[in-house]
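Notes follow the structure.
Any value given below was found using the heavy atoms of this structure, including those in side chains, with hydrogens, waters and symmetry copies removed.
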Amino acid sequence: MAGAVNLLVQSHPINSALSLIVVMGALAAEYLLLGAEFVAAVQVIVYAGAIMVLFLITIMLLNAGKEEHTKSSRIATLLGVPGVIIGAVLVAWTLLNRSNMQAGVPIGALKGDPQDIARLLFHDFLLPFEVTSVLILIAIMGAVVLASRPEAVARGPRKDG
Amino acid sequence: MVPLFYYLILSGILFACGVLGFLIKRNIITIFMSIELMLNGVNLSFVAFAAHWHALSGQVFVFFVMVVAAAEAAVGLAIIIAVYRTRETLNVDQVNLLKL
């Protein structure tokens, strides 16, 4: 949580990214406490590994500096902060009233074996799994097309081999 | 025994931090990181509910959310690079035209 607050306070994007890595690591530990070993491992590999490396490379590539505030951004801050606080208080109030406080989750309650998850993933959720693979493929192609230089796309495949 | 309530509150705090960052920050990369923070807050509540109801499908849903987040990060960062090539800026206040 301190990492999440730090992400907001820091003005330089590199510092925000590093604090986001702290949040990811803390969440992975939280998943381990809940007994979800598979999700914790995937969290570390995918989020703290792949996604954050992508972020850091982009920040370094674009040479991002400190952000500067303009007039319209102050308006967004003035209107947004009270709105978010009101929404958070509403959600917390509903949770307080509607949930029984005694409902506890024992530490390591659920056996999140990769074996069981794989059985679920490849039997019950097979169609969504395959659809996500297509989604990933489309995302890769879209990212390559978007990030390549415009003239390279317009020129098409290279003729000289 | 950790009450389920605590996990939900932590997840709500993470989500609120994400929304706040989305509104306050002016750097497009930091805004993108706030979106990732929101996704993580929702993931935490998914895992907490999965542990509470002894249903493994919650963890499978977290897996799908992570896949979508990875795809979204790849495409989004590519868009950011494309925007930076044409605008030479990362400030969202200066990116107010779709066509130059």
Side-chain angles (χ1 to χ4, degrees), chain A residues 1 4-5 7-8 13 16-17 20 23-24 27 30-31 34-36 38-39 42 46-47 50-51 54-55 58-59 62 64 67-70 72-73 76-77 80-81 84 88 91-92 95 99 101 103-107 109-110 112 116-117 120-121 125 128 132 135-136 139-140 142-143 146-147, chain B residues 1-5 7-10 12-27 29-30 32-34 36-37 40 43-44 47-48 50-52 54 56-57 59-60 62-64 66-75 77-82 84-85 90-93:
Chain A
M1 193 192 141
V5 173
L7 190 146
L8 298 180
S16 299
L20 189 55
V23 176
M24 303 293 184
L27 273 177
E30 199 79 46
Y31 295 151
L34 279 165
F38 175 71
V39 175
V42 172
V46 173
Y47 265 119
I51 293 184
L54 266 182
F55 270 113
T58 314
I59 291 171
L62 302 186
E67 58 182 346
E68 63 264 25
H69 286 265
T70 52
S72 59
S73 75
T77 307
V81 173
V84 170
V91 170
L95 278 176
S99 65
M101 301 287 284
V105 180
I107 287 178
L110 186 60
D116 298 338
I117 290 184
L120 206 58
L121 200 58
F125 291 96
T132 49
L135 173 77
I136 284 279
I140 291 171
L146 279 172
Chain B
M1 291 288 270
V2 183
L4 175 69
F5 183 68
Y7 286 109
L8 293 183
I9 287 293
L10 178 61
I13 289 172
L14 283 181
F15 192 86
C17 281
V19 176
L20 269 181
F22 190 86
L23 290 171
I24 292 174
K25 290 296 185 180
R26 292 295 104 191
N27 190 313
I29 297 178
T30 324
F32 211 64
M33 284 193 272
S34 313
E36 298 289 332
L37 193 59
N40 268 289
N43 273 353
L44 178 62
V47 175
H52 184 237
H54 296 282
L56 266 180
S57 35
Q59 299 189 12
V60 177
V62 170
F63 180 71
F64 285 132
M66 279 178 184
V67 169
V68 172
E72 174 229 337
V75 175
L77 288 172
I79 290 176
I80 290 174
I81 289 176
Y84 187 75
R85 279 228 182 91
L90 286 174
N91 194 326
V92 286
D93 286 334

Distance-minimising heavy-atom pair for A:Ile59 and A:Ala17: CD1-CB, 4.0 Å
Among B:Val67, B:Val19, B:Asn40, B:Ile9, the residue with the most heavy-atom pairs under 4.5 Å to chain A is B:Asn40
Checking A:Val42 against chain B: side chain, backbone, both or neither under 4.5 Å from a heavy atom? both
Contact origin within B:Val75 toward chain A - heavy atom pairs under 4.5 Å: both
List in chain and number order the residues that pass ring-ring contact (aromatic ring centres under 6.0 Å, His included) with B:Tyr84, two or more places apart in sequence or in another chain; answer none if no residue qualifies. none
Can you confirm whether A:Met24 sits close enough to A:Ile51 that some side-chain heavy atom of one is under 4.5 Å from a side-chain heavy atom of the other? no
When the 4.5 angstrom heavy-atom criterion is applied to A:Leu54 and chain B, the contacting part is both
Using the test ring-ring contact (aromatic ring centres under 6.0 Å, His included), find all partners of B:Phe32 that sit at least two apart in sequence or belong to another chain. A:Phe55
